[in-house]
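Structure record follows, encoded as C-alpha cells.
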Amino acid sequence: MIYRTLKSIGMQWDEGPDIGGDYGPYVQSERKSMYLPYAQELVKKGKAYYCFCTEEELSARREEAAKRGETFKYDKHCLHLSPEEVQRRLDAGEPYVIRQNVPESGEASFDDAIYGHIAVDCSDLDDMILIKADGMPTYNFANVIDDHTMGITHVMRGNEYLASTPKYNLLYDAFGWEKPTYIHMTPIMRDASHKLSKRDGDAYFEDYINKGYLKEAIVNYVALLGWNPGDDREFFTMDELIGAFSVDGMSKSPAIFDVNKLTWMNAEYIRRLTPEAFTAQAMPYYEKAGIDTSRTDVLCRILQPRVETFAQIPEIVDFLAQLPDYDVELFTNKKSKTNPDVAREVLDMVIPLLESLPDWEEATVHDALMNLAAEKGLKNGTLLWPVRIALAGKQVTPGGAIEIALLLGRAESLKRLKAGREKLA
RNA sequence: GGCCCCGUGGUCAAGCGGUUAAGACAUCGCCCUUUCACGGCGGUAACAGGAGUUCGAUUCUCCUCGGGGUCACCA
C-alpha cells in the first residue's frame with residue numbers, strides 16, 4: 001500500500017527492494033550475516049561485550065525494579081567476565097548476546113536539523129543489545145550498520161527516535177564513521193494527544209481517494225502540515241513543492257489533521273479543473289446517481305463550483321433521476337414572494353408557454369421565462385421559484401430552474417411541471 | 001517514575017527583543033443572486049501560568065502546568 005500510494009502521487013526512489021540498486025540487498029533477512037563481524041569489531045575495541053545473562057533472569061530483575069518504582073538498567077555484569085571465561089563459555093556453545101558498552105559517564109549527543117542539539121547523560125543509557133541470541137541484529141544495531149553501509153547521508157524519520165539517536169551515535173563514534181544528517185519530524189495528529197493512525201481507524205490516503213478527494217489536493221494539504229514555505233503561498237504542485245521545500249520551514253511541534261481544511265482545498269482544486277477534467281472525474285458518480293449524462297456541460301457548470309468532493313455528487317443530483325415526493329409548502333417562499341396560490345398562477349402561465357417553444361435550447365427557455373416575468377411585472381424569483389420546485393421537488397438544488405429544465409429535457413420537464421400543478425389543484 | 005522533546009485564536013501557521021501579534025480554514029454578518037453554492041466585503045477570536053534578565057519580552061533563562069515520545073533479545 002505504501003508503494004502504491006507513493007507511486008500514485010508521483011514519488012520516486014532510486015533504490016529499494018522493488019527496483020534493486022547498488023547497495024543491496026534491501027531485505028533484512030538477506031542481510032543477516034553481515035552484522036556479526038561489525039559487532040565483533042566493537043568487542044575488540046572494548047565498545048561492546050559478550051553477555052550470557054538469560055532473558056528470564058533479566059526480566060525477573062526488571063520486574064523487581066519496577067515493583068520498587070525504579071528504572072531497570074543492566075549492571076554490566078558480563079562486562080567484568082575475564083576473557084578466558086568468555087572464551088570458555090563461547091567454546092562451550094553457551095547462548096550469548098552482544099551488548100553495547102556505554103560509558104559510565106559523559107554525554108552522548110547529536111545535532112538535529114530541526115531540533116538542534118540533543119544531549120543525554122550516558123549514565124541514563126542502558127547497554128543495549130546489538131546481536132540477539134539467535135545471531136540476528138536488533139533494529140538498533142542494524143539501523144546504524146545499514147545506514148552506513150548503504151551510504152545514507154540524510155535520515156528523515158519520526159521524532160520518536162529523538163531520544164535514542166544519541167545512543168546510536170555512540171556506535172558511529174566507536175566505528176569512527178561519519179554520521180548522517182538527522183531530520184526528526186513530528187507526527188501528524190488526530191487530536192492534541194493522538195497521532196493520526198490508520199491502525200486506529202483513521203482515514204488514510206486511499207480512503208480519501210475513494211471519498212472523491214483529488215490526490216494533488218491531499219498531497220498539497222499534507223505538505224503544509226508541519227512545514228511552511230516562508231510566505232503565504234498555499235497552492236503547490238509536486239514540482240513546486242520540491243522547489244520550495246526547505247528543512248528551515250519545518251515545525252517542531254505536531255500538527256493536527258483538519259479534514260475541514262483538506263476539504264476546502266479539495267474544493268479549490270476541483271474548481272480549478274478544466275471542464276473536461278471535471279467531467280472525467282465526475283462521470284463515475286453521475287453513473288452511480290443514475291442520471292442522464294447527455295448534458296455534461298450543464299452538469300459541470302452547476303456542480304463544479306458547488307461540490308467539495310466528487311462523492312457528494314450523487315446526493316446532490318438525486319432529484320434528476322427521480323422526482324422526490326414533496327410537500328406543497330415548498331412552494332412558499334417569502335423572499336421570492338411566492339406561495340401555493342401564486343405558484344398555481346405561475347404554472348398555469350409557464351406550462352403552455354414552454355409547450356409552445358420551438359426548441360429546448362438554453363437561450364430559448366431562458367428568454368421565454370424572463371420575458372414572461374417582465375411582461376407580467378413579476379420578480380424573477382416569483383416566477384422561477386415555483387418552476388424550480390416543480391421541476392426538482394426539492395428546496396435546495398444545484399443550479400436554477402432553467403438549468404434543471406435543460407438537464408431534465410423537454411418531456412420530463414413538462415411532466416413534472418404538470419404534476420406540480422396537480423398538487424396545487 | 002527517569003530521561004528527551006513540544007506549548008501563538010477551535011485548526012494550520014507567520015513572528016526569531018520594540019509589530020495596531022500576519023495570512024489561511026472554520027465561524028458570524030453584509031453584498032451579489034433564480035434556491036443553494038461560487039465570488040466580493042467586513043467582524044469575533046491567540047502568545048498556557050509564574051518568576052527573572054532587560055529601558056523593553058510572544059521572542060532569552062528558570063520553575064510550574066499541560067501534551068507527546070522513550071526507557072525490550074519489537075521494529
Side-chain angles (χ1 to χ4, degrees), chain A residues 28 51 53-55 58-59 62 65-66 68-73 95-99 112 114-116 118-121 123-126 128-143 158-167 184 186-189 191-195 221 224-235 249 251-265 267-268 271 302-308 316 330 333 335-336 366 369-370 373 379-389 392 394-404:
Chain A
Q28 191 74 61
C51 174
C53 297
T54 67
E55 212 174 336
L58 256 20
S59 59
R62 210 185 313 275
R68 288 196 305 269
E70 290 167 15
T71 308
F72 175 78
K73 214 182 122 185
Y96 68 91
V97 301
I98 296 179
R99 283 182 184 273
D112 184 84
I114 293 173
Y115 289 93
I118 304 291
V120 339
D121 240 334
S123 59
D124 289 325
L125 266 23
D126 201 6
M128 64 179 181
I129 289 173
L130 270 19
I131 299 289
K132 299 186 274 186
D134 63 3
M136 293 288 278
T138 57
Y139 166 79
N140 299 313
F141 190 52
N143 156 255
N159 68 5
E160 66 265 27
Y161 291 97
L162 207 51
S164 43
T165 300
K167 184 154 66 170
H184 286 94
T186 61
I188 293 175
M189 309 293 282
D191 55 50
S193 49
H194 303 276
K195 64 177 168 182
Y221 172 67
L224 260 14
L225 249 26
W227 173 77
N228 82 83
D231 54 39
D232 280 344
R233 279 180 299 166
E234 290 203 288
F235 290 90
S251 161
K252 291 180 187 176
S253 50
I256 297 173
F257 186 90
D258 182 8
V259 195
N260 240 333
K261 187 151 185 180
L262 199 219
T263 303
W264 163 79
M265 184 162 272
E268 286 292 317
R271 283 177 218 127
I302 66 170
L303 259 16
Q304 192 169 13
R306 262 168 268 256
V307 151
E308 294 177 304
I316 296 184
L330 281 192
N333 182 270
K335 213 178 144 202
S336 294
H366 175 270
L369 256 15
M370 294 317 240
K379 271 180 76 155
N380 289 340
T382 308
L383 182 87
L384 294 167
W385 180 280
V387 174
R388 191 175 58 82
I389 293 302
K394 214 176 168 184
Q395 177 148 14
V396 173
T397 59
I402 294 158
E403 284 142 332
I404 293 169

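Nearest to the side-chain atoms of Val396(A) among the listed nucleotides C38(B), C36(B), C3(B) stands C36(B). In this structure, the nucleotide among G1(B), C73(B), G7(B) sitting nearest to the side chain of Ser253(A) is G7(B).
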Revision key, fill the gap. Letter by letter from the 5' end, nucleotides 58-69 of chain B scores (B base, S sugar-phosphate only, - none; protein heavy atoms under 4.0 Å) ---------SSS
Exercise for review: Go along nucleotides 22-28 of chain B 5' to 3' and tag each nucleotide: B for a protein heavy atom under 4.0 Å from its base, S when only backbone or sugar atoms are that close, - otherwise.
Suggested key: BSBSS--
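Asp191(A) places its CG atom 16 Å from the P atom of G10(B), with the value rounded to the nearest Å. Leu225(A) has its CG atom 8 Å from the P atom of C12(B), to the nearest Å. For the pair Asp124(A) CG and C71(B) C1', the interatomic distance rounds to 10 Å; values are reported in whole Å. Here C74(B) presents its C1' atom at 14 Å from CE of Met128(A), a figure rounded to the nearest Å.
Residue side chain Arg388(A) does not reach the base of U34(B) through any donor-acceptor N/O pair under 3.5 Å, judged by distance alone.
When the side-chain nitrogen and oxygen atoms of Lys335(A) are compared with OP1 and OP2 of C36(B), none of them lie within a distance under 4.0 Å. For C73(B), the OP1/OP2 oxygens have a side-chain nitrogen or oxygen of Arg62(A) closer than 4.0 Å.
Residues satisfying the salt bridge (charged side-chain N to carboxylate O under 4.0 Å, His left out) test with Glu70(A), not counting sequence neighbours, are Arg68(A).
Counting any heavy atom pair closer than 4.0 Å across all strands shown, Asn140(A) reaches a base atom. Nucleic acid contact for Lys379(A): none, since no nucleic acid atom lies under 4.0 Å from a heavy atom of the residue.
One side chain, Tyr115(A) or Asn159(A), offers a donor N or O that lies under 3.5 Å from an acceptor on the other.
Considering only heavy atoms from C-beta on, Arg388(A) comes within 4.5 Å of Thr397(A) through its side chain.
The aromatic rings of Phe235(A) and Trp264(A) lie tilted to each other, with the angle between the two planes from 30° to 60°.
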